Amino acid sequence: MLKVFNTLTGRKDTFEPLVSGQVRMYVCGVTVYDDCHLGHARSALVFETIRRYLEHAGFAVTFVKNFTDVDDKIIKRANEQNVSCDTITAKYIRAYYEDMGKLGIGHASVEPKATEHMADIITLIEALVQKGMAYDVAGDVYFQVEKYPVYGRLSKRKAEDLLAGARVEVDERKRNPMDFALWKGAKPGEPAWPSPWGPGRPGWHIECSAMSMRHLGETFDIHGGGMDLIFPHHENEIAQSCGATGKEFARYWIHNGFVQINQEKMSKSLGNFFTIKEIFEKSEWPGEITGEILRYFLLTNHYRSPLDFSDQALREAKYALDGFYDLFNRLKEPTTADGPVNEKLATALERTRPAFERAMDDDFNTPAAVAELQGFRSEVNKLLEAGLSANARQQVRELFRLLGSVLGLFQLEKWQFNVDLSDIGVKGLTEEQIKSKVEERNEARSKKDFARSDAIRKELAAQGILLEDRPDGTTRWKR
RNA sequence: GGCGCCGUACCCAAGUGGUUAAGGGAGCAGUCUGCAAAACUGCGAUGCAUCGGUUCGAAUCCGAUCGGCGCCUCCA
């Protein structure tokens, strides 16, 4: 039984989709005016993992993730660079796919853009105006918060409390400071679309309501995003969507915690963010490996907890993954063993998958799920000492592949062993140089010239290269 | 000022009322190895920020205190 922490109810609810066997989910994507940072990656990864697990659990998932491509920040960026908004959004959508691709994060089922849903947006605003829940003032349209009596139910706030904050700049044209823009009349030079209220563009919140309802229906199962979107973004989405339809909007609200640097939120305004690009550029490992390390790092924290990013944390993730790939290598080694341990393995195989699924069923507890995989790894290593048949080894490999695929881990054929690092411009020895050193050392070893052999080992170690003599007489290296 | 979250070993991190508090990383000792690496074995919190309370029983519930963070403005 899958339990999901629902921001709306404030507790873990049993997950039951509206239509049996089908899940419809919407996640707020990025505003495309800049490169993505690790926080965006976390959010994307969290919801991708949720989708993967739901599919693993047998649901047919329709996953919608939007791009916000009309926005003040985009306009500002375009003006700064003296290019069109389209140029900016096209550039950063491309960058988004590139960055997420490196992390192994795939596309959603539907990836709508606000600019392609103007008709839906306008229809929705018209419905709200007709119902008297929205009003227009000189080309702008505002949602009237007091017309939605349960406003604040997601963020657990009362309108009075919000006003007490007094950080809201009061716009004289609003009837109530809490009211928010559905449509913004265009100022000269701004991108604009025709509407019943004159040329303009949608407010931030309305696009998500329009696009989610267009692609998923008026009521759907899951709506997600970062914690910071709870208020005001998602609160406003609920108000305007429920206000327009009179029906429930999303049933389960899921929010991920932040990536932090030294206990502080990673954000653009604080300037303490790492873009995904930077992390890959600075990494001492090849791209695909860095991608998996990042995934592992992110997944070993629960999605609702804050997590601190650091070089040390990344290194630890690397070491942990090394352990798995070392096992996969052992599993591939030829064997004639066929011991009675195969029965013990059967028990371990039977136990691991349900244990993994129990962890994931508990609000997508990926750290606990990974711990199950670690436990299985350790068990298999012990059984390997005693001798596992080739067939048994294959079964182990398949289970790691299967459960790993839910988390997007363990899908690489080659880990760090003998890899060519030229693709990330690693300084130091080239693959060729290492190879010749290794050959030289093996010649020395065959002549029992261990002084020479150890000297070469030491020399390479100084370059960060670790040699490992395999049982079959070959030598591999890793960094 | 309002709302909310967090504080578990050297580090990271599960666990949120009931047998000996998961797991990873690092460390130390040993087995194996020409030496290493990997793997294996053993060692590590009588205690879960602090102090009270509820309970037969609490890291887990309640209260207070200390420390840190987030949202209330664009933000994953």
Side-chain angles (χ1 to χ4, degrees), chain A residues 7 10 12 27-31 33-34 36-47 71-73 76 152 155-158 160-169 178 204 224-233 235 255-260 262-270 273 296-297 300-302 304-308 310 312-313 315-327 329-330 355 359 362 365-375 377-378 380-382 384-386 445 448-451 453-454 457-458 461 466-471 475-478:
Chain A
T7 309
K12 285 183 195 172
V27 172
C28 291
V30 292
T31 301
Y33 73 103
D34 207 346
C36 290
H37 63 230
L38 191 57
H40 298 109
R42 183 181 196 194
S43 185
L45 178 62
V46 162
F47 291 103
D71 174 88
D72 291 349
K73 293 186 291 295
K76 188 172 168 233
S155 57
K156 319 278 182 273
R157 286 160 215 255
K158 293 173 185 145
E160 311 90 87
D161 296 342
L162 288 165
L163 290 179
R167 289 168 73 187
V168 204
E169 234 176 88
M178 289 312 305
W204 176 35
M227 290 279 186
D228 49 355
L229 298 183
I230 295 172
F231 190 91
H233 187 51
E235 196 69 73
H255 294 95
N256 66 276
F258 293 124
V259 175
Q260 310 187 139
N262 296 324
Q263 321 284 339
E264 264 190 337
K265 174 182 175 180
M266 176 188 280
S267 78
K268 294 197 174 152
S269 32
L270 289 171
F273 62 93
Y296 188 92
F297 162 67
T300 46
N301 282 68
H302 187 81
R304 283 190 285 122
S305 307
L307 96 169
D308 246 73
S310 66
Q312 199 208 335
R315 190 158 280 281
E316 286 187 6
K318 165 71 164 53
Y319 291 150
L321 276 168
D322 277 352
F324 282 106
Y325 277 93
D326 268 314
L327 171 61
N329 270 277
R330 288 184 79 187
D362 182 15
N365 193 337
T366 53
V370 170
E372 288 302 333
L373 296 176
Q374 286 284 8
R377 175 182 77 93
S378 159
V380 171
N381 265 320
K382 278 173 212 170
L384 275 171
E385 297 272 296
R445 285 173 71 211
K448 307 266 185 217
D449 182 0
F450 295 122
S453 164
D454 289 350
R457 176 191 289 289
K458 224 175 153 182
L466 189 69
L467 297 183
E468 191 175 328
D469 298 327
R470 308 298 301 161
T475 299
R476 72 184 184 188
W477 71 85
K478 63 184 178 187

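This is a predicted model, so every value here is computed, not measured. Chain letters run A, B, ... following the sequence lines, proteins first and then strands; every chain starts at 1.
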Nucleotide by nucleotide, nucleotides 12-20 of chain B touches protein heavy atoms under 4.0 Å in the pattern (B base, S sugar-phosphate only, - none) -SSS-----
Remember a base hit wins even if backbone is also touched, and classify A/Ser378 as base, sugar-phosphate or nothing at under 4.0 Å, heavy atoms. sugar-phosphate
For A/Gln260, which contact category applies under a 4.0 Å heavy-atom criterion: base, sugar-phosphate, or nothing? sugar-phosphate
Do A/Lys156 side-chain atoms and A/Thr7 backbone N/O form a donor-acceptor pair below 3.5 Å? yes
Can you name the side chain to side chain donor-acceptor pair (under 3.5 Å) partners of A/Asp308, sequence neighbours left out? A/Gln260
Is there a side-chain contact between A/Lys156 and the phosphate of B/G2, meaning an N or O under 4.0 Å from OP1 or OP2? no
Got a donor-acceptor contact below 3.5 angstrom from the A/Thr300 side chain to the A/Tyr296 backbone? yes
Whole-Å distance separating the CZ atom of A/Phe450 from the P atom of B/C35: 9 Å
Grab the CG-P distance between A/Asp326 and B/A37 for me, whole Å please. 12 Å
Does any N or O donor sit under 3.5 Å from an N or O acceptor when you compare the side chain of A/Arg42 with the base of B/A76? no
State whether A/Arg377 places a side-chain N or O below 4.0 Å from either non-bridging phosphate oxygen (OP1 or OP2) of B/A39. yes
With RNA chain B as reference, determine whether A/Val370 or A/His37 sits nearer its 5' end, using the nearest nucleotide of each. A/Val370
Between A/Gln374 and A/Arg377, is any side-chain donor less than 3.5 angstrom from a side-chain acceptor? yes
Nucleotide pairing, RNA chain B (Watson-Crick or G-U, distances under 3.5 Å), in dot-bracket with [ ] and |: ((((((((.[[[..)..(....]]].(((((.......))))).....[[[[[..)....]]]]])))))))....
Could you check which of B/A39, B/A76, B/G23 has an atom nearest any side-chain atom of A/Glu385? B/A39
I need the NZ-P distance between A/Lys478 and B/A37, as an integer number of Å. 10 Å
Ignoring hydrogens and angles, answer whether the base of B/C35 and the side-chain atoms of A/Arg457 contain a donor-acceptor pair closer than 3.5 Å. yes
Nearest heavy-atom contact between A/Ser43 and A/Gly226 is OG-N, 4.3 Å
Any base atoms under 4.0 Å from A/Lys265, or only sugar-phosphate, or nothing? Heavy atoms, all strands. base
Which is true for A/Asp454 with a 4.0 Å heavy-atom rule: it touches a base, it touches only sugar-phosphate, or it touches nothing? base
Whole angstrom value for the distance that separates P of B/C74 from NZ of A/Lys76: 14 Å
5'-most contact on RNA chain B (nearest-nucleotide basis), A/Val30 vs A/Leu467, goes to A/Leu467
Using a cut-off of 4.0 Å on non-hydrogen atoms, how would the nucleic acid contact of A/Gly39 be classed: base, sugar-phosphate, or nothing? base
The ring-ring contact (aromatic ring centres under 6.0 Å, His included) partners of A/Phe297 (sequence neighbours excluded) come to A/Phe309
Atom-to-atom span, CD of A/Gln312 to P of B/C10 - whole angstrom: 14 Å
Qualifying residues under ring-ring contact (aromatic ring centres under 6.0 Å, His included), relative to A/His302, sequence neighbours excluded: none
What N/O pairs connect the protein and nucleotides 59-62 of chain B at under 3.5 Å? Give each pair on its own line.
none

Is the backbone of A/Leu467 close enough, under 3.5 Å, to the side chain of A/Arg457 for a donor and an acceptor to pair up by distance? yes
Between B/A58 and B/C74, how far is it from one P atom to the other, in whole Å? 47 Å
